[in-house]
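Throughout, a chain's letter reflects where its sequence line sits, starting with A, and its residues are numbered from 1.
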Amino acid sequence: MAPPPLAALRQYASVASPASLPPTVLFGHTDKTLTVYDKYNKSLFHLLVLPRSPALGSEAELESLQTLLKTKDRARDVLAALAESGETARKQIQEEMTERYGWSWGVRMGFHAVPSMLHVHLHVMSDDLLGEAMKNKKHYNSFHPTKGFWLPLEDVQAWLEADDEYYKRMSKLPKAQYEPLLKESLSCFRCDKELKTIPALKTHLQEEWDAKEKRELAKGKKRKAQGAPDGEDDAKKAKAEE
DNA sequence: GTTCTAGAAC
DNA sequence: GTTCTAGAAC
């Protein structure tokens, strides 16, 4: 087995002309950010938004969320750029959901407290956790929305502004505190049910999602029957029910 | 981050 | 006997 491609994201983030990247890698880019497909998707839709170097900082400054947070002003700027591109990606994902599935569901944005690849990357992913590459407890717990290993973008932004003390603590994000979370027992992020194995969890998540899809599609039909226009407000309504 | 696989768990 | 996890990767 080849060594892990720890620096793959850094290479993408430092490329001078993103358009030269293969379409299997590149989702989109701006002067400041580059959005790529996560090669091993843990949800049905899973993208990564990277701050470009040198536009938003040196490779060292952008190595991780931890190094980024050492400089408050830079962190604020980089997070804002990631948020903006993340929002663009979210909209595109939700359009694709409607095309492909006939309805759209939540898309969340956040970071891992302890990253395993070089270069800070914002995950933009649909909230189903039904991706092909979701294979073990570590994967699942790292993306569980409330366990603590997953850091929502808006939380990180709020902490940064809250007070200097919190910002100092954040720039450490100690492994010792976060890594044990990955070994905790498996529980459904929707209904809290405990599952003993990964296959059982996956079956359960699929059932929850199938049921949700059925409700959403039924709602869509009802709206249509009432003569209401579909599309625009579907995403908002779906989100409010999450 | 993944793949592979020994042996634990059932 | 089969499923599943979890640690090694020279």
Side-chain angles (χ1 to χ4, degrees), chain A residues 1-15 18 21-27 33-53 59-69 78 82 86 89 93 107-145 147-153 156 173-189 193-208:
Chain A
M1 184 57 202
L6 291 174
L9 299 182
R10 172 182 276 177
Q11 287 182 345
Y12 296 149
S14 299
V15 80
L21 292 170
T24 49
V25 170
L26 186 70
F27 181 81
T33 69
L34 189 143
T35 304
V36 298
Y37 294 96
D38 192 301
K39 194 175 174 186
Y40 301 97
N41 54 311
K42 306 305 190 293
S43 276
L44 296 177
F45 298 85
H46 191 173
L47 302 172
L48 304 175
V49 185
L50 317 173
R52 291 179 66 183
S53 183
E59 289 186 344
E61 286 160 340
L62 300 175
E63 178 169 305
S64 66
L65 189 58
Q66 287 81 345
T67 60
L68 173 67
L69 293 171
V78 170
L82 296 181
I93 288 172
V107 175
R108 54 192 170 96
M109 301 195 265
F111 302 93
H112 274 160
V114 183
S116 40
M117 283 185 293
L118 294 178
H119 207 84
V120 61
H121 47 285
L122 176 72
H123 292 270
V124 179
M125 67 197 304
S126 51
D127 67 3
D128 48 82
L129 297 185
L130 293 175
E132 274 184 11
M134 178 65 80
K135 291 180 177 174
N136 60 43
K137 180 184 272 190
K138 186 175 170 180
H139 293 153
Y140 181 74
N141 283 341
S142 76
F143 287 108
H144 190 293
K147 227 168 235 304
F149 196 92
W150 169 262
L151 306 178
L153 170 64
V156 176
L173 296 174
K175 279 191 188 184
Q177 180 189 330
Y178 287 99
E179 283 185 335
L181 298 173
L182 301 178
K183 301 195 172 184
E184 286 185 1
S185 56
L186 299 167
S187 65
C188 172
F189 68 91
K193 180 177 179 176
E194 293 243 351
L195 285 304
K196 285 186 179 159
T197 66
I198 284 289
L201 174 75
K202 291 181 75 167
T203 302
H204 175 79
L205 291 179
Q206 186 67 52
E207 286 167 0
E208 290 262 325

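Annotation: proximity of residues 59-69 of chain A to DNA chain B (heavy atom, distance under 4.0 Å) is found for no residue. Within residues 128-138 of chain A, the residues having any heavy atom closer than 4.0 Å to DNA chain B are, in order of number, A/K135, A/K138. For residues 195-205 of chain A, proximity to DNA chain C is found at A/T197, A/I198, A/P199, defined as any non-hydrogen atom under 4.0 angstrom from a strand atom.
Between the NZ atom of A/K39 and the P atom of B/dG1 there is a distance of 14 Å, given to the nearest Å. Computed from coordinates, the A/R10 CZ to B/dG1 C1' distance equals 15 Å when rounded to whole Å. Here the C1' atom of nucleotide B/dT2 and the NZ atom of A/K42 are 9 Å apart, to the nearest Å. A straight line from NE2 of A/H46 to P of B/dG1 spans 10 Å, rounded to a whole angstrom. Atom pair A/E179:CD and C/dA6:P shows a separation of 15 Å (rounding to whole Å applied). We find that CG of A/L182 is positioned 12 Å from P of C/dA6, with the value rounded to whole Å.
In this structure the side chain of A/F111 reaches within 4.5 angstrom of the side chain of A/L82, judged on heavy atoms. In this structure, the side chains of A/L50 and A/Y12 come closer than 4.5 Å at one or more pairs of heavy atoms. Side-chain contact between A/E63 and A/R10 is present, with heavy atoms from C-beta onward closer than 4.5 Å. Side-chain contact between A/W150 and A/R108 is present, with at least one heavy-atom pair separated by less than 4.5 Å. Residues A/I198 and A/K135 fail the side-chain proximity criterion, which asks for heavy atoms closer than 4.5 Å. Counting heavy atoms from C-beta outward, A/K42 and A/S142 have side chains that stay 4.5 Å or more apart. Taking 4.5 Å as the limit, some side-chain heavy atom of A/L62 sits within range of a side-chain heavy atom of A/L68.
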Verify ring-ring contact (aromatic ring centres under 6.0 Å, His included) between A/H123 and A/F143, making sure each step is shown before the conclusion. CA-CA 10 Å; A/H123 292 270; A/F143 287 108; 5.0 Å; yes
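Stretches of at least 3 consecutive Watson-Crick or G-U wobble pairs, with each checked distance under 3.5 Å, appear in DNA chain C as B:2-10 with C:1-9.
In this pair, A/H144 and A/F189 present their aromatic rings perpendicular. The plane angle is above 60°, beyond the 30 to 60° band.
A side chain to side chain contact (heavy atoms under 4.5 Å, CB included) with A/P51 is found for one member of A/L34, A/L122, A/V120, A/T33 and no other, namely A/V120.
Among the atoms of the strands shown, none is found under 4.0 Å from any heavy atom of A/H121.
Applying the ring pair (Phe, Tyr, Trp, His ring centres under 6.0 Å) criterion to A/F27, with sequence neighbours excluded, gives A/Y37. Among residues two or more places apart in sequence or in another chain, the side-chain hydrogen bond (donor to acceptor under 3.5 Å, both in side chains) test is passed with A/S116 by none.
Residue A/E184 places its CD atom among more than 12 non-hydrogen atoms of other residues, nucleotides or ligands, all under 6.0 Å distant.
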